[in-house]
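Written below as structure tokens is the structure these notes are about.
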Protein chains: 2
Amino acid sequence: MEPTTEHEAELLAADAIGDVIEHWGFRKALGRTWTVLYLHGDALAAADLGERLQMSAGAVSMTVTELQRWGVVRKVWIPGERRDFFEAETDFWKMISKVVQERERFLAVSVRERLGRAQAVLKRRGGGAAARARVERLGRLLNFSTMAETVIESFLASRRVDFGDFGNLLALGRQVTAAAAGKGRKG
Amino acid sequence: MEPTTEHEAELLAADAIGDVIEHWGFRKALGRTWTVLYLHGDALAAADLGERLQMSAGAVSMTVTELQRWGVVRKVWIPGERRDFFEAETDFWKMISKVVQERERFLAVSVRERLGRAQAVLKRRGGGAAARARVERLGRLLNFSTMAETVIESFLASRRVDFGDFGNLLALGRQVTAAAAGKGRKG
DNA sequence: CTAAATCTTCAGAATGTTTTGAAAGTTCAG
DNA sequence: CTGAACTTTCAAAACATTCTGAAGATTTAG
């Protein structure tokens, strides 16, 4: 069924972004809600969101709370209005940085730490050629995850400098290139 | 509880990679299984995997089948052995390319297509200033997803050229930089 | 061909996640 | 204050995903 009304078009876009957000490990509802707010422009009340997206009051409440925790939606106060209104953050880079900072970075660090501990155990226990080969392979995995961390750090650093438009990506390209060149061999 | 035996260390590493793989939207078991094969070096039989990871025969079968579909595990035939043995692909870049190619790329294309359709509807319906602003914002989202696609294509292209070690990353840095510079403004 | 070994499949169980709906909490106008 | 409007919370329901275990299919040795 092709969308024809404005509302259907809105849902089509919201669903597409919902899929992206789900792909990144969040609830679909977060992406859909952000998109509706983003497209609408003006702030919307919780009840509006619930109606547009067919969500219960409870679901809307939890969703906007989480979106605020991630800094991608703000509560705005509208004079003379008793209800809370919400509007979307519109700076994509800001949003992505935040997520990379708090999620990807955390995972990368935790993974590197665990691989490191595992390698330490294998090293300590020694063993024959097979055991040494195992330590070596774990080392490769460790190198790889260290590199992933470097890419993430480069990205975050490029954000801090804050260029306009595509500048961030340009800076990232340069920094990753430099970091990779500096770190040297093995991957 | 700190790991002390070789087996515990293996599980610690397998679990760490399992988390990464889950973060990328696959089943944890895929990451764990690949890691055990990778660390072990020599091919293992399904029953070995089941014992090491405490999985039922059914789960092992489904898991190695899926890993083979993704090209990250191979079935090897061992002369004189009746059972199937499995070994891990060891080229990380090869594995990641495959996933990016089949999953990220697919999603990026599908999202861009849907956003495009949504924008077409809004454009067709016309409307006042608010409606025009909505079309414009949807355009920004569309630009952004086009850019994401470009980054993905650059990555895949850099892989095809195939440099050693960190060369891929260097090439990616250069290509993304070039692509971003070429595409121009707005992000 | 037969029987043992092995692998695959899949219905149902177990587990994990998200949403609902109602109760409790908060805020504010009157 | 009090009560209406609104929001938050959370237990249970709905839903989704993953795993188990056993039946059936397949392979191979004899």
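Because only heavy atoms are used, hydrogens play no part in the values below, and waters and symmetry mates are left out as well, while side chains stay in. Each chain gets a letter, A, B and so on, in the order the sequences are listed, and its residues count up from 1.
- Taken to the nearest 0.5 Å, the CE atom of A:Met62 stands 12.0 Å off from the CG atom of A:Leu67.
- When all heavy atoms of A:Val72 and A:Trp34 are compared, the pair lying nearest together is O-CD1, 3.2 Å.
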With side-chain hydrogen bond (donor to acceptor under 3.5 Å, both in side chains) as the test, would you mind laying out the steps for A:Thr65 and A:Arg69 before giving the verdict?
CA-CA 6 Å; A:Thr65 299; A:Arg69 260 210 308 107; over 6 Å; no

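- The structure places OG1 of A:Thr5 at 8.0 Å from CG of A:Leu11, a figure rounded to the nearest 0.5 Å.
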Pair A:His40-A:Glu10, side-chain hydrogen bond (donor to acceptor under 3.5 Å, both in side chains): steps then yes or no
CA-CA 9 Å; A:His40 189 260; A:Glu10 180 177 81; over 6 Å; no

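- Toward the 5' end of DNA chain C, the nearer of the two residues B:Met62 and B:Ala45, judged by each one's closest nucleotide, is B:Ala45.
- Ring pair A:Trp93/A:Phe155 is tilted by interplanar angle, where 30° to 60° counts as tilted.
- Counting heavy-atom neighbours within 6.0 Å of A:Glu51 CD, excluding the residue itself, gives a total of 12 or less.
- Within the cation-pi definition used here (under 6.0 Å to the ring centroid, within 45° of the axis), A:Arg103 qualifies as a partner of A:Phe26.
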Protein within reach of the bases, or only the backbone? For nucleotides 12-18 of chain D, mark each nucleotide 5' to 3' as B, S or -, using heavy atoms under 4.0 Å.
------S

Determine, stepwise, if the pair A:Glu136 / A:Arg140 fulfils salt bridge (charged side-chain N to carboxylate O under 4.0 Å, His left out).
CA-CA 7 Å; A:Glu136 142 78 6; A:Arg140 284 167 158 278; 3.3 Å; yes

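- Here the C1' atom of nucleotide D:dT8 and the CD atom of A:Glu66 are 15 Å apart, to the nearest Å.
- If you check residues 68-88 of chain A against DNA chain D, the residues with a heavy atom closer than 4.0 Å are A:Lys75, A:Arg82, A:Arg83, A:Asp84, listed by number.
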Verify side-chain hydrogen bond (donor to acceptor under 3.5 Å, both in side chains) between A:Ser145 and A:Glu149, making sure each step is shown before the conclusion.
CA-CA 6 Å; A:Ser145 80; A:Glu149 242 184 291; 5.5 Å; no

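- The stretch residues 50-61 of chain B touches DNA chain C through B:Gly58, B:Ser61, each having a heavy atom within less than 4.0 Å of the strand.
- Rounded to whole Å, the distance from CG on A:Asp48 to P on D:dA5 is 17 Å.
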